[in-house]
Amino acid sequence: RIDTAILCYLPFLLSKIDAKTQQGWKSFEDRKHFTIIGNFMHAPNVDAVLLLKKTIWKYIRKTLPKAQLHIYGAYPTQQILELHNSKEGFLIKGYTTNPEEVVQNIRVVLAPLQFGAGIKGKLTEAMICGAPSVTTSIGAEGMHNVLPWNGSITDDFNEFADKAIALYTDQPVWEQAQQNGLQIINSLYDKTMLGPPFIEKIKQLQQRLIQHRTANFLGSLLQHQTLQSTKYMSKWIETKNSIQ
């Protein structure tokens, strides 16, 4: 029940994927392996990697014994580092300075996210780099409107593995998924389309800022409570110091 007057939807502002960019993408044959990229200080990423290790990757690896899963992310914990297993093709790579270069060489991105919110940078990055992805409903939530996903969405992890294998091995399916990602970026995240209305919204607010704030009861309430908390914190500090 939040008033729409105080809401403004602004997703990632990205450059359109033009024909020149598409021509620079590596082909299906020139790409190999799977990846997941994500900061390990972010709990959903840790959970996703553990899920891949315990459940999903074993099934994929059984069907694709030469495939590898390359896991990138800053701040890997000891728990994450100990998951590294060359024989299983489960490779903890750690921090990368150029994630786009990684994804440009990868055939499929995996993101089995079980919780979290917002637009996922790892998934928009996959689309920008022409790499299809398999994710969950949480992973894709709020990211593609009614457009078909650039790969597959499933919350069943046996199916997750099957979809990943299908993308990895079926070139026509992979190429269609790649085009779906292009459509998502160009339709929903085009900065030339999203930027001007946002700037115009700010200008309109500046011209009637007093009226806007007066009508924003929720904002006034929150501001009042913030000031009150500061007031009582200062009183607490004053009393504490007097006791000492």
Would you give the length of the straight line joining atom [atom1] of [X] to atom [atom2] of [Y], rounded to the nearest 0.5 angstrom?
| X | Y | atom1 | atom2 | result |
| --- | --- | --- | --- | --- |
| H70 | K93 | NE2 | NZ | 4.5 Å |
| I17 | I185 | CD1 | CD1 | 5.5 Å |
| E200 | L205 | CD | CG | 10.0 Å |
| Q68 | I60 | CD | CD1 | 13.5 Å |
| R107 | Q178 | CZ | CD | 12.0 Å |

If you look only at distance, which donor and acceptor atoms sit under 3.5 Å apart when one is on a side chain in residues 44-56 and the other is two or more places apart or in another chain?
| unit_1 | atom_1 | unit_2 | atom_2 | d |
| --- | --- | --- | --- | --- |
| N45 | OD1 | K122 | NZ | 2.8 |
| N45 | ND2 | N39 | O | 3.0 |
| D47 | OD2 | Q114 | NE2 | 2.8 |
| K53 | NZ | L83 | O | 3.1 |
| K53 | NZ | E88 | OE1 | 2.8 |

Minimum heavy-atom distance between [X] and [Y], given as atom pair plus value:
| X | Y | result |
| --- | --- | --- |
| G89 | W57 | O-CZ2, 3.8 Å |
| A164 | L110 | CB-CD2, 3.8 Å |
| L123 | A111 | CD2-CB, 3.9 Å |
| M143 | K120 | SD-N, 3.4 Å |
| I119 | P11 | CD1-CB, 3.4 Å |
| L147 | S187 | CD1-CB, 3.9 Å |

Can you see whether N105 engages E101 through a side-chain donor-acceptor pair at a distance of less than 3.5 angstrom? no
Side-chain donor-acceptor contacts of residues 209-216 below 3.5 Å, not counting sequence neighbours, with atom names and distances?
| unit_1 | atom_1 | unit_2 | atom_2 | d |
| --- | --- | --- | --- | --- |
| T214 | OG1 | I210 | O | 2.8 |
| N216 | OD1 | G219 | N | 2.9 |

Just list the side-chain donor-acceptor pairs under 3.5 Å for residues 126-134, sequence neighbours left out, or say none.
| unit_1 | atom_1 | unit_2 | atom_2 | d |
| --- | --- | --- | --- | --- |
| S133 | OG | W149 | NE1 | 3.1 |
| S133 | OG | N150 | OD1 | 3.1 |

Mind checking who shares a hydrophobic cluster with [X], ILVMFWY linked at side-chain heavy-atom distances under 4.5 Å?
| X | value |
| --- | --- |
| Y72 | I37, V102, V103, I106, V109 |
| Y95 | none |
| L91 | none |

Could you list all the ring pair (Phe, Tyr, Trp, His ring centres under 6.0 Å) pairs where at least one residue sits in residues 165-189, not counting sequence neighbours?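 As it turns out, the ring pair (Phe, Tyr, Trp, His ring centres under 6.0 Å) pairs with a partner in residues 165-189, which skip direct neighbours, are F28-W174, F34-Y168.
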Side chain to side chain contact (heavy atoms under 4.5 Å, CB included) partners of E82, counting only residues at least two apart: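 By the side chain to side chain contact (heavy atoms under 4.5 Å, CB included) rule, E82 matches Q78.
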Could I get the full list of side chain to side chain contact (heavy atoms under 4.5 Å, CB included) partners for E238, not counting sequence neighbours?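 So E238 forms no side chain to side chain contact (heavy atoms under 4.5 Å, CB included) with any residue.
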Taking only distance into account, with no hydrogens and no angle test, what donor-acceptor pairs under 3.5 Å do side-chain atoms of residues 190-199 form with protein atoms, sequence neighbours excluded?
| unit_1 | atom_1 | unit_2 | atom_2 | d |
| --- | --- | --- | --- | --- |
| D190 | OD1 | T192 | N | 3.0 |
| D190 | OD1 | T192 | OG1 | 2.7 |
| D190 | OD2 | T192 | OG1 | 2.9 |
| K191 | NZ | S15 | OG | 3.3 |

Residue pair I153, H144: steps toward the side chain to side chain contact (heavy atoms under 4.5 Å, CB included) verdict: CA-CA 11 Å; I153 302 169; H144 62 115; 3.8 Å; yes
If two hydrophobic side chains count as joined below 4.5 Å and joins carry through other members, does M41 share a cluster with I71? no
Are L14 and Y9 in one and the same hydrophobic cluster, where Ile, Leu, Val, Met, Phe, Trp and Tyr link if side-chain heavy atoms are under 4.5 Å apart? yes
Salt bridge (charged side-chain N to carboxylate O under 4.0 Å, His left out) contacts touching residues 153-172 (sequence neighbours left out):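 Non-adjacent pairs meeting salt bridge (charged side-chain N to carboxylate O under 4.0 Å, His left out): zero.
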If you apply the rule side chain to side chain contact (heavy atoms under 4.5 Å, CB included), what do you find for E100 with E125, and how did you get there? CA-CA 7 Å; E100 283 197 5; E125 185 173 66; 3.8 Å; yes
What's the verdict on side chain to side chain contact (heavy atoms under 4.5 Å, CB included) for F40 and L81, showing C-alpha distance, side-chain angles and the deciding distance? CA-CA 11 Å; F40 288 108; L81 293 173; over 6 Å; no
For Q207, which residues count as a side-chain hydrogen bond (donor to acceptor under 3.5 Å, both in side chains) partner, sequence neighbours excluded?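 With neighbours one apart ignored, the set is empty.
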Are K62 and Y59 packed together at the side-chain level, in the sense that at least one heavy-atom pair is separated by less than 4.5 angstrom? no
Within the supplied structure, the quantity of interest is the number of heavy atoms (other residues, nucleotides, ligands) at a distance under 6.0 Å from Q204 CD; does it exceed 12?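 It does: Q204 CD has more than 12 such atoms within range.
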